[in-house]
Amino acid sequence: MNVVAEMLVSSPAPAAIWATLMLLTLPALLLLGSPQAMRHPRKAAQETVAALRSQATLRRRQAEEAERAAQFASEVEVAASRAAASAQRWQEIWEQASASVNTAYDAWLEADARVRSAASAAAWGTPWSVRTCEEYAARERFLHQAVSAAVGRGELPASALGDAIAGRNGWDARLHPVDQELVIARASAAWLRQCYDLAVEAEATAWHDASLARRAASSLREESQAAAVLAAAPAPVRGNTEVRASRRVTFGEIAQIAMR
């Protein structure tokens with residue numbers, strides 16, 4: 001054990017006195033190290049205190065910016081996850097709409113084929129029959145049953161049965177069953193063509209919404225990655241977090257559009 005160590009162990013009081021003297025003489029050493037401080041010691045002391053306060057304020061500001069950056073990254077990550085789930089739902093809706101278009105198209109083609117078949121049968125003419133009350137009653141029953149069956153199969157709208165019973169919108173119970181089948185086939189083809197057109201419009205709308213949702217999810221995913229890098233960066237590289245945090249409204253609006 002050397003002399004200094006033995007003295008510190010056996011007599012700590014002198015060491016404490018030396019440490020105190022060094023702390024007390026530190027401001028004087030700083031003043032002596034600067035000629036300007038020697039001429040204006042009070043101003044130099046004030047500047048030193050101001051520099052210490054500024055450093056403490058800077059550290060506090062950096063800590064606040066780091067906390068805001070981490071919070072912003074967390075919020076954007078949650079928004080990106082929700083936008084991705086919403087985009088997946090819109091994708092499924094578009095797929096269902098696309099399948100509905102194919103179904104409606106096939107139904108319309110089948111109805112068009114029934115029109116050609118009924119027109120070929122009607123081209124041979126209708127057999128002659130006695131026009132009695134029983135004959136007209138039978139034709140009326142046939143019309144009502146045929147329209148009801150077509151409505152049940154989805155080949156006619158529900159309102160067609162009421163129109164057929166009331167004898168409006170082109171429904172005539174006095175026609176021969178062969179002619180009635182042609183009328184029903186044409187009405188069915190027109191209705192299914194309308195359903196097909198509506199399905200095409202719905203599919204286009206679903207595709208547009210799905211595209212918006214995908215773009216919103218992609219934008220939020222990129223922003224989430226950028227925010228994560230920003231939150232993990234050192235304070236001097238992070239920059240002004242308040243400016244980036246003000247963009248929450250923009251990405252929040254995108255997420256709201258994507259999740260509607």
Side-chain angles (χ1 to χ4, degrees), residues 79-124 126 139 141-173 175-224 251 253-260:
S81 299
R82 293 179 178 176
S86 178
Q88 180 61 32
R89 289 195 297 269
W90 279 112
Q91 179 68 21
E92 294 174 355
I93 292 175
W94 170 75
E95 291 175 356
Q96 294 174 0
S98 180
S100 298
V101 170
N102 295 332
T103 302
Y105 182 73
D106 293 339
W108 173 43
L109 290 182
E110 294 177 359
D112 188 66
R114 288 194 297 270
V115 170
R116 292 193 298 270
S117 178
S120 299
W124 293 93
T126 57
R139 293 183 179 184
R141 286 193 301 271
F142 175 83
L143 176 63
H144 296 169
Q145 292 174 359
V147 172
S148 178
V151 171
R153 293 190 299 269
E155 298 172 359
L156 287 174
S159 60
L161 181 58
D163 293 339
I165 294 175
R168 58 176 179 263
N169 293 333
W171 297 105
D172 188 358
L175 296 177
H176 190 273
V178 175
D179 296 328
Q180 289 180 359
E181 288 181 352
L182 179 59
V183 173
I184 293 173
R186 287 174 176 171
S188 176
W191 165 251
L192 293 176
R193 172 57 189 270
Q194 183 179 356
C195 292
Y196 169 72
D197 293 338
L198 292 176
V200 170
E201 294 179 2
E203 189 269 344
T205 302
W207 172 258
H208 177 266
D209 294 338
S211 299
L212 285 180
R214 285 193 299 271
R215 287 196 295 269
S218 177
S219 177
L220 284 172
R221 183 170 57 254
E222 294 176 358
E223 182 65 18
S224 176
F251 289 107
E253 292 176 353
I254 295 176
Q256 184 177 3
I257 293 173
M259 296 177 65
R260 60 187 176 88

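In what follows, residues are counted from 1 in the order of the sequence shown.
Using a 4.5 Å heavy-atom threshold, the side chains of Asp112 and Leu192 count as separate. With contacts defined as side-chain heavy-atom distances shorter than 4.5 Å, the pair Phe142/Glu181 qualifies. Contact of the Gln91 side chain with the Arg214 side chain is registered, since non-hydrogen atoms from C-beta on lie closer than 4.5 Å. With a 4.5 Å cut-off on side-chain heavy atoms, Val183 and Leu175 count as touching.
Remark: side-chain polar atoms of Thr205 are paired, donor with acceptor, to backbone N or O of Glu201 under 3.5 angstrom. Under the 3.5 Å distance criterion, the side-chain polar atoms of Ser100 are left unmatched by any main-chain donor or acceptor of Ala199.
Applying the side-chain contact (heavy atoms from CB on, under 4.5 Å) test between Tyr105 and each of Asn102, Thr103, Leu109 identifies Leu109 as the sole match.
Side-chain contact, Ser224 with Arg221: no donor N or O sits under 3.5 Å from an acceptor N or O.
Minimum heavy-atom separation, Ala160 to Trp171: O-NE1, 4.0 Å. Here the closest non-hydrogen pair linking Ala158 and Val151 is CA-CG1, 3.9 Å. Annotation for Gly154 and Trp191: closest pair O-NE1, 3.7 Å, computed over non-hydrogen atoms. Of all heavy-atom pairs between Ala189 and Trp108, the closest is O-CD1, 3.6 Å. Nearest heavy atoms, Ala173 versus Gln180: O-NE2, 3.1 Å.
In this structure, the separation between CZ on Arg114 and CD1 on Ile184 is 10.5 Å, given to the nearest 0.5 Å. Rounding to the nearest 0.5 Å gives a distance of 11.0 Å between CZ of Arg193 and CG of Leu198. Taken from CZ in Arg186 to CG in Leu182, the straight-line distance is 4.0 Å, to the nearest 0.5 Å. Atom CH2 of Trp94 sits about 15.0 Å away from atom NE2 of His208, to the nearest 0.5 Å. Taken to the nearest 0.5 Å, the OG atom of Ser148 stands 9.5 Å off from the CZ atom of Arg153.
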